Amino acid sequence: MTANSARGIVEDALSRNMVREIWTGNYDKALPFSIQEFDLSAVLPAVFFMFRYGHRRGKGEFLNTFGPREGTERTRKRETTIERIAEMLVDDDSFIGFDKTIEQAILGDLLLCYCLDNVKNSLGRQEQVQRVAPAHYLANWVDLPDRVAHLRFVPEMIVAMLSDQKSDYVQQNQSGDKTWFAVGQGFEQNLLLSAFNHGVVRRGELGSRTADKFDEESDIGLDQLLMVRLAESLGAAPDKLRGGDGERISNQRPIAEQASRHFSEDIRRFVRSYAGIIPRHAFVKQLESCVSVGMTAILTSTFEILLEWEETGTIRKRSQQEPAPLFVDCSNGVDRRLRSLAEQSMDDFMRRADRFPVILMMLRLLDRGARYNRSIKGLDIPFKPYATEWLNLLGDLFFSRHREAEYTLQVMENMAEELAEKLTEDHPDSAQIMRAADSQPNPVLRLAEGLASLLGPNTRRRDMVKMIDSILLLDRPNGLASKRRTTRSVGGAPSTRDTRSLVFTDSVLEYLVHLHVLRNGNKPGARSLSFKEFVGTLHRRYGFCVDRSPPGMTVSNDLLQMNRILLEKRLRDLGLFVGVNDAESMKRLQPRFTLALED
């Protein structure tokens, strides 16, 4: 039986409205983005748009400008290729000398290198274009992917964390507000936008979709100029998202409050210090590494918090929240033993993460029960920007510590019994889970596990793995992880699977060093940072284990020392490490780009 047929049975038992809320893999009060695949490199242009206009992006002119005039929308998208875009761009007076086939091929390669990306990151000039890169601020005019929801609400979460407002929805700031990341005030008062808006001036009303203009007297790099010309050919920024409250940007933050605050602080300090110093192409790659590192810490911290919530019903205080410890292969896959340890550490984390969908199902069930309980509703407990108090209430219901717990659990018991009866014939395994009161007396947990099994364990794990891969920028030059196909014998038969390991690519290393040599707080300039302090910060702030074993793993001191030495060597090769002898106190890190150095 398929998941769709199972859903019909569940709707008959629990109602269509309820199933619409629980038949998903998400729970935005804990993690406000979808547990699905997305492209992290396409997130920043959508962030630019939301910061610039204060609402979510709707339909733009990309397909109408560069797509065929006839055919279905799907066909038109498929035929919108780099080759076609290059042919149409050269008709503009801004492009001279590109009228021949070879020159247009060169232009197409430049677009693919700097500005646009094909479906599945494929190469070639005849593949469908699907994403836009953050080469310049005006990338926000290009409505790729065509639906902002395809980015799984990651841009919305980033805007909410950086703007750091208190309301239920992100609001436009007023002129003069003290904030690093102003919303709806153009690019002058927004640190991130001003880092990418070189050569742009505003001529017209603040809210106009055509007010941002490029000053032709400005000197900018070729990659930025290509993006400017691509945006100008569209005529205007996209419209806001139409329909109900869809245009509004939710101010929901992850339950991992500590990691969220670190994420915002890291981006602010890095962009403020290096946007005008690091060459633009390298800066964009390191900024994407910054987002990957921060979101990895948010994700693993959320896992740890909710795994503990299942045992205690309480969300950890912010000061006690920590990301999951993960061993990092500092050889970047070259040393077989270190790679194997990093793969083992990631495998252990993924096995623990398999519990995550069940916990989210429990939260969705309890959330619905609490929201439609008049006594609880009257408490008016806020869940934005952080839902800590609300999840603590759900934990009290789950562990029978609240006066409404008995009623809530009895309702869940009735649901489990009715649903089990309807599932007995077609889904006996799920029905058995919901009836197993002797082994699991809590009806919420039985119902959650039974419903999760109906959704399909393979589907749930596949979506979870794709989401984690997206955050880690898997196998990307500026990513945090690599994957390889392995074969082993299971019962005498060969079995193949993908194994993942956490690594430090050069881009990630450069970003981490340049961030942490900065002086504390908002003071400009750099400081002298010891290698020992750097390694300790990686573990404490992000959970990255370099010279220590993650809990539950046994790693020899020789291998830990080798991992540390390899990290030293790679930092030295990148020009980031200074050490005149073997004394720990003499091993220091320094930035490659000019900043005022202070002891």
Side-chain angles (χ1 to χ4, degrees), residues 3 21-38 152-154 157 252-260 294-316 321-326 345-368 383 386-388 390-392 394-395 398-399 430 433 440 442 444-472 474 480-481 498 500 502 542-543 550-552:
E21 293 185 22
I22 66 173
W23 200 264
T24 177
N26 311 319
Y27 183 64
D28 64 349
K29 294 184 181 68
L31 197 65
F33 61 88
S34 300
I35 300 178
Q36 291 177 288
E37 183 180 16
F38 61 91
R152 312 308 184 193
F153 298 94
V154 174
M157 182 186 73
Q252 190 72 63
R253 323 274 181 85
I255 200 66
E257 187 173 352
Q258 182 82 313
S260 300
M295 286 194 61
T296 298
I298 289 172
L299 181 67
T300 62
S301 296
T302 302
F303 280 2
E304 294 297 303
I305 291 168
L306 292 185
L307 285 169
E308 184 179 70
W309 177 91
E310 185 183 12
E311 300 296 327
T312 66
T314 304
I315 299 297
R316 280 189 186 185
Q321 295 175 2
E322 297 177 346
L326 295 169
S345 176
M346 183 61 76
D347 283 346
D348 291 343
F349 170 74
M350 298 295 285
R351 278 192 291 270
R352 297 181 69 225
D354 283 343
R355 187 66 184 165
F356 197 56
V358 175
I359 298 174
L360 294 184
M361 180 64 78
M362 292 164 55
L363 289 168
R364 291 192 294 270
L365 289 168
L366 289 166
D367 183 282
R368 180 176 172 84
F383 51 83
Y386 296 101
T388 302
W390 179 255
L391 265 65
N392 284 334
L394 301 186
F398 182 65
F399 283 96
S430 299
I433 292 172
Q440 178 48 257
N442 194 302
V444 179
L445 187 51
R446 296 201 313 274
L447 187 58
E449 289 181 334
L451 288 169
S453 70
L454 289 173
L455 283 169
N458 292 332
T459 300
R460 289 187 286 113
R461 180 172 177 81
R462 184 181 67 244
D463 289 343
M464 179 75 69
V465 169
K466 286 183 177 180
M467 180 264 294
I468 293 173
D469 288 350
S470 299
I471 289 174
L472 293 173
L474 186 74
L480 260 178
D498 291 329
R500 292 160 175 79
L502 215 61
Y542 311 110

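This one's a predicted model, so the numbers in the text were calculated from it and none came from an experiment.
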| said: Can you give me the closest heavy-atom contact between F399 and W309, atom names plus distance? | reply: CE1-O, 4.0 Å
| task | For the residue pair D348 and R352, establish whether any side-chain heavy-atom pair is separated by less than 4.5 Å. | result | no
| Do R364 side-chain atoms and T24 backbone N/O form a donor-acceptor pair below 3.5 Å? | yes
| query | Is a side-chain N or O of E304 found less than 3.5 angstrom from the main chain of P325, in a donor-acceptor match? | reply | no
| request: For residues I471 and L480, determine if any side-chain heavy atom of one lies less than 4.5 Å from a side-chain heavy atom of the other. | output: no
| query | Is N392 reaching over with its side chain to a backbone N or O of I315, donor-acceptor style, under 3.5 angstrom? | reply | yes
| request: Look at the rings of F38 and F33 and say which category their plane angle falls in: under 30° parallel, 30 to 60° tilted, over 60° perpendicular. | output: perpendicular
| query | Hey, does the side chain of N26 reach the backbone of D28 with a donor-acceptor pair shorter than 3.5 angstrom? | reply | no
| Rounded to the nearest 0.5 Å, how far apart are OG1 of T296 and OH of Y542? | 11.0 Å
| field | Donor-acceptor contact below 3.5 Å, side chain Q258 vs main chain Q321 | value | no
| Looking only at atom types and distance, does a side-chain atom of E310 sit under 3.5 Å from a main-chain N or O of I359, one as donor and one as acceptor? | no
| Do side-chain atoms of R355 reach the backbone of L307 as a donor and acceptor pair under 3.5 angstrom? | no
| request: Using atom types as modelled and distance alone, determine if a side-chain donor or acceptor of S301 lies under 3.5 Å from a backbone N or O of I298. | output: no
| message | Nearest 0.5 angstrom please: I35 CD1 to D463 CG, how far? | response | 8.5 Å
| About how many Å separate CH2 of W23 and CG of L454, when rounded to the nearest 0.5 Å? | 5.0 Å
| remark: From the list I255, I305, T314, side-chain contact (heavy atoms from CB on, under 4.5 Å) partner of T388 resolves to I255
| said: Please find the pair of heavy atoms, one from S34 and one from F153, that lie closest to each other, and give the distance. | reply: OG-CD1, 3.7 Å
| Are any non-hydrogen side-chain atoms of N442 and M362 less than 4.5 angstrom apart? | no
| message | Return the CH2 to CG distance between W390 and L366, rounded to the nearest 0.5 Å. | response | 10.0 Å
| query | Which atom names give the shortest non-hydrogen contact between I22 and M361, and what distance separates them? | reply | O-CE, 3.5 Å
| For R460 and A452, which heavy atoms make the closest approach, and how far apart are they? | NE-O, 2.8 Å
| field | Within-4.5 Å side-chain heavy-atom neighbours: S453 and I433 | value | yes
| request: Kindly indicate, with the supporting measurements, whether the criterion side chain to side chain contact (heavy atoms under 4.5 Å, CB included) is fulfilled by L502 and S345. | output: CA-CA 9 Å; L502 215 61; S345 176; over 6 Å; no
| Just wondering, do E37 and D469 contact through their side chains at under 4.5 Å, heavy atoms? | no
| If we only count heavy atoms from C-beta on, is the M464 to I468 side-chain gap below 4.5 Å? | yes
| Atom CD in E257, atom OG1 in T302: separation rounded to 0.5 Å? | 11.5 Å
| request: Mark yes or no: R253 above the aromatic ring of Y386, with NZ or CZ under 6.0 Å from the six-membered ring centre and no more than 45 degrees from the axis. | output: yes
| task | Return the minimal non-hydrogen interatomic distance between T300 and A297, and the atom names on each side. | result | OG1-O, 3.4 Å
| message | side chain to side chain contact (heavy atoms under 4.5 Å, CB included) for L451 and L365? Distances and angles first, verdict last. | response | CA-CA 10 Å; L451 288 169; L365 289 168; 4.1 Å; yes
| request: For the residue pair K29 and Q252, establish whether any side-chain heavy-atom pair is separated by less than 4.5 Å. | output: yes
| Does the side chain of V154 reach to within under 4.5 Å of the side chain of M295, using non-hydrogen atoms? | yes
| query | Which value, rounded to the nearest 0.5 Å, describes the distance between Y27 atom OH and L306 atom CG? | reply | 9.5 Å
